[in-house]
Amino acid sequence: MILTADFFARPTLKVAPDLLGATLFVQTDAGRCSGRIVEVEAYLGAEDPASHAFGGPTPRSAVMFGPPGRTYVYFIYGMHHCLNFVTEPEGTAGAVLIRGIEPLEGMDLMRARRGKFLDKDLCNGPGKLCQALGIDRKCSGLTLGHGPDGGIWVLDRAEKPDIEASRRIGIRKGEELPYRFSIS
DNA sequence: TGGATGATCGCA
DNA sequence: GCGATCATCCAG
């Protein structure tokens, strides 16, 4: 089943581990890529100091306060993009950062976008997978689903994998919280 | 281990 | 406006 708003309209800390093992699809004019989600991080709302939603909405973070089941893509460090899915009911902020996938379809396209890197380094990081999948800020605020022109969507997993929780990566505040989830 | 590289946001 | 900060990646 393709995951819809109902799946994402739940607490972020429940949605994040439930995404592990699901399959992410990105279809553009260049073709279709897909991969198995193996690493995610949960970012909560106005009370999470590491979240872009901390302290309330800003122009950048507004989409996190909007309807669930949409994409939130931001530009970071002057050169990278990161892909998130908006969670929680409308009016409450939350998002799940996709940190790693295992490539399934479209590996030639991913290699072409990523350049001269080993296959194991194609999608094992939030910036890398956005580059491999051709995702940038134009892809932010999209509703997850397969439209006539392609799009971004997620196919639910068949079975629940073994999951481990750990600390989030690359943050300065809230780093003690075990909001990173990966397949063990 | 540090340099690249620019959007974002709080404060003035 | 200004500048500190940043949910990263890669070469050396």
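In what follows, every chain begins at residue 1, and chains take the letters A, B, ... in the order their sequences are listed. Everything numeric in this text was worked out from a predicted model, so none of it was measured. Values below: all heavy atoms of this structure, side chains included; hydrogens, waters and symmetry mates excluded.
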What are the 5'-most and 3'-most nucleotides of DNA chain B lying under 4.0 Å from any heavy atom of chain A?
B:dA4 to B:dC9
Check each of A:L144, A:L19, A:V154 against A:L24 using the side-chain contact (heavy atoms from CB on, under 4.5 Å) test, and report the only one that passes.
A:V154
Using a 4.0 Å heavy-atom cut-off across all strands, classify A:G78 as base, sugar-phosphate, or nothing.
base
So what does A:R60 hit on the nucleic acid, given a heavy-atom distance under 4.0 Å: a base, only sugar-phosphate, or nothing?
sugar-phosphate
Distance in angstrom units between A:H81 NE2 and C:dC6 C1', rounded
15 Å
Rounded off to whole Å, could you give me the CD-to-P distance for the A:E39 and C:dA7 pair?
16 Å
Think A:R168 forms a cation-pi with A:Y179, using NZ or CZ under 6.0 Å from the six-ring centre and within 45 degrees of its axis?
no
If you look at every heavy atom in A:E47 and A:L44, which pair is closest and at what distance?
OE2-CB, 3.5 Å
Closest to the side chain of A:F117, out of C:dC9, C:dA7, C:dA11, is C:dA11
For A:I76 and for A:R114, locate the closest nucleotide of DNA chain C by heavy-atom distance; then report the residue assigned to the nucleotide nearer the 5' terminus.
A:I76
Would you mind listing the cluster partners of A:F117? Hydrophobic ones only (ILVMFWY), side-chain contacts under 4.5 Å, chaining allowed.
none
Can you work out whether A:M79 or A:R137 has the more 5'-proximal nearest nucleotide on DNA chain B?
A:M79
For a quick test of reading the model: is some side-chain N or O of A:R172 closer than 4.0 Å to OP1 or OP2 of C:dC6?
yes
Salt bridge between A:D121 and A:R111, side-chain N to carboxylate O under 4.0 Å?
no
Kindly confirm or rule out a cation-pi arrangement of A:R70 over A:Y72, judged by NZ or CZ under 6.0 Å from the six-membered ring centre and within 45° of its axis?
no
Between C1' of C:dT8 and OH of A:Y77, the distance in whole Å:
6 Å
Whole-Å distance separating the CZ atom of A:F75 from the P atom of C:dC9:
13 Å
Base-pair string, DNA chain B, Watson-Crick plus G-U, cut-off 3.5 Å on both distances, | for inter-strand, is ||||.||||||.
Donor-acceptor under 3.5 Å (A:R113 side chain, A:L133 main chain)
yes
Give the rounded distance in Å between these two atoms: CG of A:D121 and P of C:dA11.
10 Å
Does the ring centre of A:H52 sit less than 6.0 Å away from the ring centre of A:Y74?
yes
Spacing between A:F54 atom CZ and C:dC6 atom C1', to the nearest angstrom
15 Å
Donor-acceptor pair, A:S140 side chain versus A:V73 backbone, under 3.5 Å?
yes
Quick one: A:Y43 OH to C:dA7 C1', roughly how many Å, whole number?
4 Å
A:F25 and A:W153 aromatic ring geometry - parallel, tilted or perpendicular at 30°/60° bounds:
parallel
Output the rounded distance in Å from CZ (A:F181) to C1' (C:dA7).
15 Å
Report yes if a side-chain nitrogen or oxygen of A:K173 is closer than 4.0 Å to either non-bridging phosphate oxygen (OP1 or OP2) of C:dA7; otherwise report no.
no
Is any side-chain nitrogen or oxygen of A:H52 closer than 4.0 Å to OP1 or OP2 of C:dA7?
yes
